[in-house]
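Shown next, in C-alpha cells, is the structure this report addresses.
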2 protein chains.
Amino acid sequence: MGDSLSLPRHTFNNLPAEKRDKIVGAAMREFSRQGYQKASINTIVKAAGISKGSLYQYFDNKEALFFFIFDSFTELVKKTVKQVNKQEKEFFGQVRYVLQAGIEFIDQYPEYFQIYLKVLFEQDIPHREKLLAQVRLFSREYFGPLCARAQKQQAIRQDIPLEVVIFILDATLDRFLQSYARSYLDCGLDLTRKKREELFAVVDMILQVLQEGLKERVKIDN
Amino acid sequence: MGDSLSLPRHTFNNLPAEKRDKIVGAAMREFSRQGYQKASINTIVKAAGISKGSLYQYFDNKEALFFFIFDSFTELVKKTVKQVNKQEKEFFGQVRYVLQAGIEFIDQYPEYFQIYLKVLFEQDIPHREKLLAQVRLFSREYFGPLCARAQKQQAIRQDIPLEVVIFILDATLDRFLQSYARSYLDCGLDLTRKKREELFAVVDMILQVLQEGLKERVKIDN
DNA sequence: CGCTAGTATGACCACCTGGTCATACTATGG
DNA sequence: CCATAGTATGACCAGGTGGTCATACTAGCG
C-alpha cells in the first residue's frame, strides 16, 4: 500500500528541480480548481511555461500526472498525521489532536486539500476509490480502532454500535474541515475568517457536545 | 423568491404532455448522472427521441433547461416539506420528522436528489448560490428559527451559540441523507441496504446522541 | 386543392479536449 | 567540427462540446 498507481517517466526526474516544481505547481493549481475531468492539459502547460509535447514526455497521460500530484498529497497527509501527538491518552483528546492536524494541513496546503475535496465529490475519476482509501482521515479504518479501544475502556457508551459512533464523529469532523476549507457549508459559522483561538473555541464546543452525547451514561433507575 | 431564473419557451408548453415528460425525464436523468457541466445536450436529445434543433426551440440554452429541471426539484421539495407533521411540539421530534421527510424524498425522487448533490459539490454552475439557497433543507434559514425557539424554551442548552448547534445538526443530518442517497460516505453503516425499521433505528440512535449532547444540563456544583 | 404559420430536423459551426509525432534544437564526446 | 543522443516544440488529429439555421415537413384554414 501507499505506492503510486503510476510514476513519472525518467525524463521528469532528470529535470532541474526548479522546472519540476513549476510543473507540479501548475498541475496542482489546475486540479485543485477544476478537479480531474475539467482540468485542462493546455492550461497546465501554459502555466508551467512548457509545450504540450514536453509534458507528454514527462508523464504518460493526464491520469499519470494526476496520480503523481495526488501521491504527493497523500505523502504530505501521512507526514502530518505522523506528527500528531501520540502522548494523549484520553479519547476526545486524541480526536482533538487529529482535528488540529487537519486544520494545520489546510492552512499549509490549501490547494492540496481542495484536490482531496474534488476527488471526494467527483464521480468519474480513475481509481477514485483507491485514491480515497489511501488518504481518508476520519474514515472507518482510522477511527475504527480508536473508537473500539475507547469503547472497551468505557470512554464512550456501549449501547450504540461502533459504526454509528464513527458515523457521527466522521460526519461532524469531516464537515468541519470542509467548512474550514471552503466557506459555503458553514451554516453561518464563518470559520475561514475566524482567528485561531476563536476557531479552537468552536472546535472545543463541538467536541464537548459530542463527548456529552457519546460518553458512557450513569445508569439511573426510573 | 421561489420564482424561476428562466422559463421554457411557449413552444414547450404547447407540447403534448407525454412528449414533455419524456424530455424532462431525459434531461433529469442526464443531469443527475453527470451534473451540469458534463451533462451532454446530445445525450439528452437522443434519450428524449427528439432532434437537437427541437430542444433549442423549447429552451433558450442548456442553462435554461437546467434551471427548469432544478425548479421542478425545488417545487417537489417544498411540497414534501409542507407535508411534515406540524403537530409535533418537541424539538427533536420535529427534527426527526424533517429527517424522515428527507428519507422519503430520496425514496420517491432519487434522481432529483442526485441533482441536488451535484449542485452542492460542483463549483461552476451558473447561479449556484441562488439555486442552493432556494432549497437547502437543513440550512441556517430552516433550522435557525427552529433552534432559536428550542433554545428559548430550554429544550437545548444555552451555553453554546446557536450557529454551533445548527452546524452540528446540519453536519450530521445532511451527511446522513447523503450517505443514504449514495453509499460511499456511510462509514460502514450500509444505509442503502437497510430495511426501513433498521434505518430508523439508526436515525433514533443518532438523534439520541445529539439530544444528549445538546440538551440543557442540570447544574452541578463541583 | 393551395397557402401559410408553426414546428421538426440534422448538417454544420467554432471551439475545446487529450494525445501524437515529425521536426528542430542542443549538448556532449570523439 | 561533426555525429549522435536526448529533449523541446507546436501543428495536427479524432472526437467531443453547446449552439445555429436553411430546409423540410405538417396541420389547419379558405
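In the text below, chain A, chain B and the rest are named by the order of the sequence lines, each starting its count at 1. In this text, all values refer to a predicted model and were calculated from it rather than measured experimentally. No hydrogens, no waters, no symmetry mates; every other heavy atom, side chains included, goes into these values.
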*asked:* I want to confirm an ordering. Mapping A/G53 and A/Q37 to their closest nucleotides on DNA chain C, which one lands closer to the 5' end?
replied: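 This one resolves to A/Q37.
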*Within residues 124-131 of chain A: residues closer than 4.0 Å to DNA chain D (heavy atoms)*: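 Within this stretch, nothing sits under 4.0 Å of the strand.
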_Sugar-phosphate only, base, or nothing, as touched by A/F59 at under 4.0 Å among non-hydrogen atoms_ =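 The answer is nothing, as A/F59 stays clear of every strand by at least 4.0 Å.
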_Donor-acceptor pair between B/Y58 and B/N13 side chains, under 3.5 angstrom_ =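 No, no side-chain donor-acceptor contact under 3.5 Å.
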*Which class fits the ring pair B/F66 and B/F31: parallel under 30°, tilted 30 to 60°, perpendicular over 60°?*
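Geometry flag for B/F31 against B/F66: perpendicular rings.
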*Mark yes or no: A/K62 above the aromatic ring of A/Y36, with NZ or CZ under 6.0 Å from the six-membered ring centre and no more than 45 degrees from the axis.*
yes
*Would you give the length of the straight line joining atom CZ of A/R196 to atom CD1 of A/I103, rounded to the nearest 0.5 angstrom?*
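Atom-to-atom, A/R196:CZ and A/I103:CD1 are 6.5 Å apart.
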*Can you measure from CG (B/L191) to CD (A/E163) and round to the nearest 0.5 angstrom?*
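With rounding to 0.5 Å, CG (B/L191) is 10.5 Å from CD (A/E163).
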Rounding to a whole Å, what distance do you find between [X]:[atom1] and [N]:[atom2]?
X     : N      : atom1 : atom2 : answer
A/I44 : C/dT17 : CD1   : C1'   : 13 Å
A/Y36 : C/dG18 : OH    : P     : 9 Å
B/K52 : C/dC13 : NZ    : P     : 13 Å
A/D60 : C/dG19 : CG    : P     : 10 Å
B/F12 : C/dG6  : CZ    : P     : 20 Å
A/Q34 : C/dT17 : CD    : C1'   : 13 Å

*DNA chain D: 5'-most and 3'-most nucleotides touching chain B, 4.0 angstrom heavy-atom criterion*: D/dT17 to D/dC21
*Would you call B/Y109 and B/I115 a side-chain contact if the rule is heavy atoms closer than 4.5 Å?*
no
*asked:* OP1 or OP2 of C/dG6 versus the side-chain N and O atoms of B/N14: is any pair under 4.0 Å?
replied: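 No, outside the criterion.
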